[in-house]
Chemist: 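Before anything else, here's the structure in question.
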Amino acid sequence: MAQLLDGKALSEKLVAEISTKIATKSIELRAPHLAAILIGDHAPSKAYVNNKIKTCEKVGMASSLHSYSSDITEAELLNLIEKLNRDNTVDGILVQLPLPSHINSKRIIEAILPSKDVDGFHPLNIGNLAKGYDCFVPATPLGVTMLLDHYKIKTGGKHCVILGRSAIVGQPLSFLLARNGNPGNCTVTLCHSKTVNITHYTRQADILIAALGIPNFVKKEMVKPGAVVIDVGINRVEDLSKKAGYRLTGDVDFEAVQDIASWITPVPGGVGPMTIAALIFNTYKAWSERMM
Ligand SMILES: NC(=O)c1ccc[n+]([C@@H]2O[C@H](COP(=O)([O-])OP(=O)(O)OC[C@H]3O[C@@H](n4cnc5c(N)ncnc54)[C@H](OP(=O)(O)O)[C@@H]3O)[C@@H](O)[C@H]2O)c1
């Protein structure tokens with residue numbers, strides 16, 4: 001039976017450590033400030049942003065929520081970002097994705113000052129990540145590497161298979177795990193929707209990371225016995241026995257896969273809380289660098 005990679009417990013520990021550092025430093029300095037931009041009333045986006053704001057409060061960071069209806073124009077949103085870029089009391093800016101279809105997300109992300117891009121989505125940060133330079137690493141991939149590091153999962157020389165090549169999860173994870181470092185030094189295979197015979201690859205994985213957005217996609221037969229399985233997926237599936245009418249499930253068939261994996265992340269309580277801890281880490285980093 002697999003051991004749990006407990007993202008909830010680790011994120012609480014990391015967040016408490018950052019909170020102590022902020023309490024010590026912000027006696028002389030102002031507290032770090034995260035500005036969150038939320039457009040429209042997409043329920044999961046609202047829940048993610050509220051969680052991020054709540055965690056800021058918990059660690060002693062200031063936060064501001066800039067919430068607009070989905071008919072905001074691209075020009076108005078660009079003006080808001082420009083204002084936050086110029087505001088010396090703002091350390092980090094995050095724009096919750098997805099944005100409404102009339103807004104060009106690429107243009108919005110590129111408008112954020114790279115030194116305030118705590119989500120690490122700006123091309124300059126992604127480019128620095130690819131080159132192995134210091135940068136803001138996107139929160140979910142950073143959270144995954146924090147989990148591997150904390151649980152002392154050996155990555156060097158291992159075959160890591162990543163399912164999903166999105167710009168915010170799969171692609172940056174492939175850079176992180178292939179780099180010459182620790183965690184890192186994996187041989188990485190990046191699979192996507194055009195990959196033929198995906199099980200051929202997943203069966204070879206010492207470390208298997210699922211980030212597709214398809215509930216229970218990874219079945220027991222697809223996993224090599226003893227593999228480390230990381231489930232990034234967060235999917236809402238109908239469950240009328242729940243008050244909300246749905247429950248959250250990952251991209252991995254947890255019940256079956258836990259029998260043969262060596263380590264596994266639960267959903268919820270795995271990568272999700274680590275993403276928030278990593279965002280808090282990035283905001284702390286942005287603040288520390290601005291205050292130097
Ligand atoms: N835990 C967290 O904090 C966190 C953070 C972010 C996202 N997530 C979750 O992670 C999941 C992925 O998110 P995302 O934003 O990366 O998704 P995304 O942008 O939709 O990307 C999905 C990726 O999966 C690939 N894919 C889709 N169907 C496939 C199939 N049948 N076989 C192989 N590959 C397939 C796609 O391939 P193509 O490129 O070929 O289309 C794409 O690269 C979602 O459940 C999301 O909610 C969780």
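Every number for a ligand or one of its atoms is a count from 1 in the order of the listing. Residues: numbered from 1 along the sequence shown.
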Chemist: Run down the list G233, A278, S193 and name the one with the heavy atom closest to atom 27 (C) of ligand 1.
Modeler: S193
Chemist: Show the numbers, then the answer: is there a side chain to side chain contact (heavy atoms under 4.5 Å, CB included) between L5 and V228?
Modeler: CA-CA 9 Å; L5 294 163; V228 175; 4.2 Å; yes
Chemist: Do you see a donor-acceptor pair shorter than 3.5 Å between the side chains of Q96 and K52?
Modeler: yes
Chemist: Shared ILVMFWY cluster between F217 and V271, side chains joined below 4.5 angstrom?
Modeler: no
Chemist: Does E17 pair with K21 as a salt bridge, N-O distance under 4.0 Å?
Modeler: no
Chemist: Any idea which protein heavy atom is nearest atom 3 (O) of ligand 1, and the distance to it?
Modeler: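 Looking at atom 3 (O) of ligand 1, the protein heavy atom closest to it is T275 OG1, 2.7 Å.
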Chemist: Does even one non-hydrogen atom of C191 get within less than 4.0 Å of ligand 1?
Modeler: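 Under 4.0 Å: no for C191.
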Chemist: Would you mind checking which non-hydrogen protein atom is closest to atom 30 (C) of ligand 1, with the distance to 0.1 Å?
Modeler: L212 CD2, 3.7 Å
Chemist: Check whether any heavy atom of G170 sits under 4.0 Å from an atom of ligand 1.
Modeler: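 It does not, in that no heavy atom of G170 comes within the 4.0 Å cut-off of ligand 1.
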Chemist: Counting only heavy atoms closer than 4.0 Å, does ligand 1 sit against the backbone of I234, its side chain, both, or neither?
Modeler: both
Chemist: Does an N or O anywhere in S166 fall below 3.5 Å from an N or O of ligand 1?
Modeler: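 Looking only at distances, the answer is yes, because the N/O contact criterion of under 3.5 Å is met.
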Chemist: Answer side chain, backbone, both or neither: which part of T140 comes under 4.0 Å from ligand 1, heavy atoms only.
Modeler: side chain
Chemist: Hey, is V232 touching ligand 1 through its side chain, its backbone, both or neither, going by heavy atoms under 4.0 Å?
Modeler: both
Chemist: Taking 4.0 Å as the limit for heavy-atom contacts, which would you say applies to I168 with ligand 1: side chain only, backbone only, both, or neither?
Modeler: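 Only the side chain of I168 comes within reach of ligand 1.
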Chemist: If you measure from each non-hydrogen atom of N235 to ligand 1, which part falls under 4.0 Å: side chain, backbone, both or neither?
Modeler: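 Contact part for N235 vs ligand 1: side chain (C-beta onward).
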